[in-house]
Amino acid sequence: MDTQIKSFQVGDAWRSGQDGEHVIVSINPADGSIAGKVARATPEDVDNAVAVAWDAFRNQPWRRLRPDQRATTLYEIGRRILLEKDALARLQMADSGKPLKECVNMVTSAAGHFRYYAAVCETWQNEVTSPRGEYFSLALAEPFGVVACITPWNSPIMNEAQKAAPALAAGNAVLIKPSEETPQLAIELARICAEAGLPQGLLTVLPGLGEDVGAALVKHPGVRMVSFTGGTETGRVIGSIAGQRLIPVGLELGGKSPHIVFEDADFDKAVAGVASGIFGSAGQSCVAGSRLFVQKSIYPRFIEALVERTRAIRVGMPDDPGTEMGPLVSRAHRDKVAAYVDLARQEGGKVLIGGGLPEAPELANGWFYMPTVIDGLSNKARACQEEIFGPVLVALPFEDEADVITQGNDTVFGLAAGMWTGDYARAWRVARELDAGSVWINTYKQSHIATPFGGFKDSGIGREKGLHGLRLYSQVKSLYWGMHEKPLSL
Ligand code: NDP
């Protein structure tokens, strides 16, 4: 791996981190080697970046371009991401430890976000409202100015693109703070945007720590909107600062999603769907189906089949095409996941499979954890209520529809839910009752750029993706244009 320190750019100035102090070292979770080094931003860089962004917002033509003109640059960014797909996916794999095929999907999806919002720009419509007097009235979407985007480590480049593409499409200048665990892809994205012709200062990446750079961005008087994806507790801190500052936020937070199997489900598809819903991305997915509810009549048979499917999962090195599950992102995160499994044991849970590290010697230097299924807990147990964000599934039986709706909604989270059933009327009834921003019926964890995404309850505020994603980064200006024949009277 290239261990040269990657620089980042604030306006004309490059920050190289050459003094050694201001460097983030990204560790490859698969083998503990150095995946890359990146110059580390400081709160002073935040001040400079905000000033540069405002200068670009005010003085570059970007926000005044017609949306279809902005689309040209967004298309070009998408095209260039795809040209570099393989190299970006390999870098992503080294930074995050995700299997290569997942990384390829994420890079492709990042390109898709730019292409989608380019197309949205091409078809942009402001509203003409029905006048109630002698005037012409419009509702126009206007940018906020400078927006800050703070992202987690689990889907680098895709998360950054999910925020930057609509924010730029809406005419804003964007500052991105990627996770310190996976800082390299955002730097590459900034380079690609510049090479695609995005004017300088409209997208700046600040690879720093949340506690200083992230916090400084959220508090900065020049930042007019914050879009955050990450844990619920961090989201609460950011939301309260934004509340004090009276600036809008988009918060995409954690989840503990119920995944429901009714007795009339297609059994084999449900087993495969449940396994993929929790063990894909090694469970490091905000929408992971981490609480399994199976109807009592089929519970023993279903759990037995699920354990067998889990046993067959190939845990391995991310660059092996046969690998189904790679490592967790860091040693600290693996320790946290292992501690939750210990807690589940103390709470009375029975570990049916997994619950430890792999035995294969070639995986000994990475942060691997075996896919784990636990039953015997009550839905009130901490392991059933708190987000573990790892390959750990808790399984619970249920009686009937009413019971599973009550148990499924008995959580502070509301990000996603899934169900398997052959009864379409039931699917509709239950889907409408579940407190979740996304509900999957006879499938799980499907998502695409045109469908809005976000959470109910403590899983977030606002919706990304689709047309909602553009609205998140716009504010509405109402315009009345007088057509009066006579002067206005009092
Ligand atoms: P964190 O909340 O710890 O961090 C997310 C980002 O916020 C990081 O860039 C972090 O910086 C930064 N940050 C931390 N503290 C502050 C602060 N006080 N002010 C500003 N920024 C701060 O989440 P993780 O990175 O651990 O990601 C995992 C979490 O993300 C899970 O809970 C998961 O559910 C959630 N998530 C939600 C998704 C959704 O769409 N709903 C999608 C993906 C993940 P630093 O670099 O220092 O960590």
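When reading the values below, keep in mind they use all heavy atoms of this one structure, side chains included, and skip hydrogens, waters and symmetry mates. Every number for a ligand or one of its atoms is a count from 1 in the order of the listing.
- Near Ala215, meaning under 4.0 Å from any of its heavy atoms, are these atoms of ligand 1: 19 (N), 20 (C).
- Remark: ligand 1 atoms within the under-4.0 Å shell around heavy atoms of Leu209 are 47 (O).
- Close approach to Leu415 involves these atoms of ligand 1, each under 4.0 Å from a residue heavy atom: 41 (N).
- Distances below 4.0 Å separate heavy atoms of Gly254 from the following atoms of ligand 1: 34 (O).
- Within a 4.0 Å radius of atom 1 (P) of ligand 1, the protein contributes at least one heavy atom.
- Looking only at heavy atoms of the protein, atom 7 (O) of ligand 1 is closest to Phe228 CE1, 3.1 Å.
- Between Ser459 and ligand 1, a contact under 3.5 Å exists for no N or O pair.
- Annotation for ligand 1: atoms under 4.0 Å from non-hydrogen atoms of Cys286 are 34 (O), 36 (N), 37 (C), 38 (C), 39 (C), 40 (O), 41 (N), 42 (C), 43 (C), 44 (C).
- Close contacts between ligand 1 and Gly231 involve ligand atoms 1 (P), 2 (O), 23 (O), 29 (C), 30 (O), 32 (O), 35 (C) [criterion: under 4.0 Å to a heavy atom].
- Put simply, no part of Gly460 is less than 4.0 Å from ligand 1, judged by heavy atoms.
- Residue Glu180 has at least one nitrogen or oxygen atom sitting less than 3.5 Å from a nitrogen or oxygen atom of ligand 1, judged on distance alone.
- Polar contact with ligand 1: present for Thr151 (N/O pair, distance under 3.5 Å).
- Considering backbone and side-chain N/O atoms, Val237 never comes within less than 3.5 Å of an N/O atom of ligand 1.
- Of all the heavy atoms of Thr229, the ones lying under 4.0 Å from any atom of ligand 1 are found in both the backbone and the side chain.
- Atoms of ligand 1 found under 4.0 Å from any heavy atom of Ile150, numbered from 1 in the order shown, are 6 (C), 7 (O), 9 (O), 12 (C), 20 (C), 21 (N).
- Residue Glu387 has at least one nitrogen or oxygen atom sitting less than 3.5 Å from a nitrogen or oxygen atom of ligand 1, judged on distance alone.
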Quiz item: Between Tyr340 and Glu387, does a side chain to side chain donor-acceptor pair (under 3.5 Å) hold up when you go through it step by step?
Solution: CA-CA 9 Å; Tyr340 265 111; Glu387 186 181 43; over 6 Å; no
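- Annotation: Trp153 places an N or O atom under 3.5 Å from an N or O atom of ligand 1; distance criterion only.
- Counting heavy-atom neighbours within 6.0 Å of Lys269 NZ, excluding the residue itself, gives a total of 12 or less.
- In summary, the atoms of ligand 1 found under 4.0 Å from a heavy atom of Asn154, numbered by their order in the structure, are 43 (C), 44 (C).
- Residue Thr232 has no nitrogen or oxygen atom sitting less than 3.5 Å from a nitrogen or oxygen atom of ligand 1, judged on distance alone.
- Considering backbone and side-chain N/O of Phe389, none are found under 3.5 Å from N/O of ligand 1.
- Of the polar atoms of Leu253, at least one N or O is found under 3.5 Å from an N or O of ligand 1, judged by distance alone.
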